[in-house]
Amino acid sequence: MSTFAYLRDRLFLFSCVLYAVNRWAIKPLVPHGFFAWSLNDLLLIPCAVPVCLWIEKKTGLRKHDRPPDAREIVFVLLLWSVLFEIVAPRFIARATGDWLDVVAYAAGGGLAWLWWNRPLPPH
């Protein structure tokens, strides 16, 4: 079993860079379709889970350095979905709840889980 790199994880770093490029460079040029509506939602879990687990590790709530398991990923997925697809639209005028966002969060979470828990070749 490999050690999770938290904020140095390659998927985390790649996802954060791709999120920023999409948010500030691609979306202004392509205001409709996948890049405007779904890519950043797909990147949520790969960007958020390492930060959450790093905070848990630093505060002593996480006792190991294994890659994220399904429970840890689903917790962030559910928390984010409830906060930003159910609660926020009730209190923030420009926020809208969209179940397709939750589908994108879940798809990104599933792909991230596969990446983080893939079998690594022996050294």
Side-chain angles (χ1 to χ4, degrees):
M1 176 83 43
S2 65
T3 300
F4 188 57
Y6 298 97
L7 304 182
R8 295 181 331 273
D9 176 70
R10 291 185 301 167
L11 179 60
F12 167 72
L13 295 171
F14 174 78
S15 297
C16 289
V17 168
L18 185 56
Y19 177 94
V21 168
N22 187 54
R23 173 75 172 86
W24 288 293
I26 298 172
K27 279 177 75 170
L29 299 174
V30 184
H32 303 287
F34 177 75
F35 292 103
W37 299 327
S38 299
L39 179 58
N40 285 355
D41 294 332
L42 193 67
L43 297 171
L44 169 69
I45 296 298
C47 290
V49 166
V51 174
C52 293
L53 297 183
W54 179 80
I55 291 169
E56 287 180 19
K57 182 69 176 175
K58 291 300 179 186
T59 59
L61 296 172
R62 191 169 205 250
K63 306 295 185 197
H64 61 82
D65 290 318
R66 293 187 301 271
D69 61 31
R71 180 190 56 80
E72 292 168 318
I73 291 171
V74 168
F75 177 77
V76 174
L77 168 67
L78 291 175
L79 179 67
W80 193 269
S81 297
V82 168
L83 286 176
F84 292 95
E85 304 304 329
I86 297 172
V87 175
R90 295 182 190 276
F91 298 103
I92 300 171
R94 62 182 187 93
T96 59
D98 185 354
W99 68 272
L100 289 174
D101 290 349
V102 177
V103 171
Y105 304 155
L111 293 171
W113 180 85
L114 288 171
W115 173 264
W116 286 324
N117 292 280
R118 73 193 184 284
L120 296 175
H123 290 65

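This structure is a prediction, so every number in the text was calculated from the model and none was measured. Values below: every heavy atom of this structure, side chains too, minus hydrogens, waters and symmetry copies.
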Visitor: Any idea which heavy atoms bring Ala106 and Leu77 closest together, and the distance?
Guide: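 That closest heavy-atom pairing would be N-CD1, 3.6 Å.
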Visitor: Can you name the salt bridge (charged side-chain N to carboxylate O under 4.0 Å, His left out) partners of Asp98, sequence neighbours left out?
Guide: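 Listed in chain order: nothing, the list is empty.
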Visitor: Would you indicate whether His32, at its atom NE2, is surrounded by more than 12 heavy atoms from other residues, nucleotides or ligands within a distance under 6.0 Å?
Guide: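 No, because the 6.0 Å sphere around NE2 of His32 holds 12 heavy atoms or fewer from other groups.
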Visitor: Would you name the heavy atoms of Arg62 and Tyr6 that are closest together and state the gap between them?
Guide: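 Closest approach of Arg62 to Tyr6, heavy atoms only: NH1-OH, 2.7 Å.
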Visitor: For the CG atom of Asp101 and the CH2 atom of Trp37, what is their distance to the nearest 0.5 Å?
Guide: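 So the gap between those two atoms works out to 12.0 Å.
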Visitor: Would you kindly confirm whether Val49 and Phe14 end up in one hydrophobic cluster when ILVMFWY residues are joined by side chain heavy atoms under 4.5 Å apart?
Guide: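 Cluster IDs for Val49 and Phe14 differ.
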Visitor: Would you name the heavy atoms of Arg23 and Asn40 that are closest together and state the gap between them?
Guide: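 Reported closest heavy-atom pair: CB-ND2, 3.9 Å.
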Visitor: Looking at every non-hydrogen atom in both residues, tell me the closest pair between Phe35 and Asn22 and how far apart they are.
Guide: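 Heavy-atom minimum between the residues: O-ND2, 2.9 Å.
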Visitor: Taking the side chain as every heavy atom from C-beta outward, state whether Ser38 and Leu42 have any pair of such atoms under 4.5 Å apart.
Guide: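 With C-beta onward as the side chain, the pair stays apart.
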Visitor: Looking at CG of Asp41 and CZ of Phe84, how far apart are the two atoms once the value is rounded to the nearest 0.5 Å?
Guide: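 Reported to 0.5 Å precision, the distance equals 11.5 Å.
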Visitor: Taking all atoms of both residues into account, what is the closest heavy-atom pair of Pro46 and Ala112, and its distance?
Guide: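 Where Pro46 meets Ala112 most closely, the heavy atoms are CG-CB, 4.0 Å.
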Visitor: Is the shortest side-chain heavy-atom distance between Phe12 and Val51 below 4.5 Å?
Guide: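 Phe12 vs Val51: side chains touch.
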Visitor: To the closest 0.5 Å, what do you measure between CG (Leu111) and CD1 (Ile45)?
Guide: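 Answer for the CG-CD1 pair, Leu111 versus Ile45, is 11.5 Å.
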Visitor: Look at the side-chain heavy atoms of Ile, Leu, Val, Met, Phe, Trp and Tyr, link any pair under 4.5 Å apart, and say whether Ile92 and Val82 land in one connected group.
Guide: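 Different hydrophobic clusters.
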Visitor: Tell me whether Trp54 is reachable from Leu43 by hopping between hydrophobic residues (I, L, V, M, F, W, Y) whose side-chain heavy atoms are closer than 4.5 Å.
Guide: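 Cluster IDs for Leu43 and Trp54 differ.
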Visitor: Minimum heavy-atom separation for Glu85 to Pro89, with atom names?
Guide: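 For Glu85 versus Pro89, the nearest heavy atoms are O-CG, 3.6 Å.
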Visitor: Has Lys63 got a side-chain atom pairing as donor or acceptor with Gly60's backbone, closer than 3.5 angstrom?
Guide: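 Here the side-chain-to-backbone pair exists.
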Visitor: Answer yes if Leu11 and Leu53 sit in the same cluster of Ile, Leu, Val, Met, Phe, Trp and Tyr residues linked by side chain heavy atoms under 4.5 Å apart, and no otherwise.
Guide: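 Yes; Leu53 is reachable from Leu11 via cluster members.
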Visitor: Quick check: are there more than 12 heavy atoms from other residues, nucleotides or ligands sitting under 6.0 Å from CZ of Arg118?
Guide: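 Correct, the count exceeds 12.
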Visitor: Supply the atom-to-atom distance Ser81 OG to Leu44 CG, rounded to the nearest 0.5 angstrom.
Guide: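 Answer for the OG-CG pair, Ser81 versus Leu44, is 8.0 Å.
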Visitor: Just so I know, are the side chains of Trp116 and Ile73 near enough to count as touching, which here means a heavy-atom distance under 4.5 Å?
Guide: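 SC-SC contact between Trp116 and Ile73 confirmed.
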Visitor: Within a strict 4.5 Å, meaning less than it, do heavy atoms of the Val76 and Tyr105 side chains meet?
Guide: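 SC-SC contact between Val76 and Tyr105 ruled out.
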Visitor: Indicate if Trp113 and Trp115 have the same hydrophobic cluster label, given that clusters are the connected sets of ILVMFWY residues with side-chain heavy-atom separations under 4.5 angstrom.
Guide: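 As far as the 4.5 Å side-chain criterion goes, Trp115 and Trp113 are connected within one cluster.
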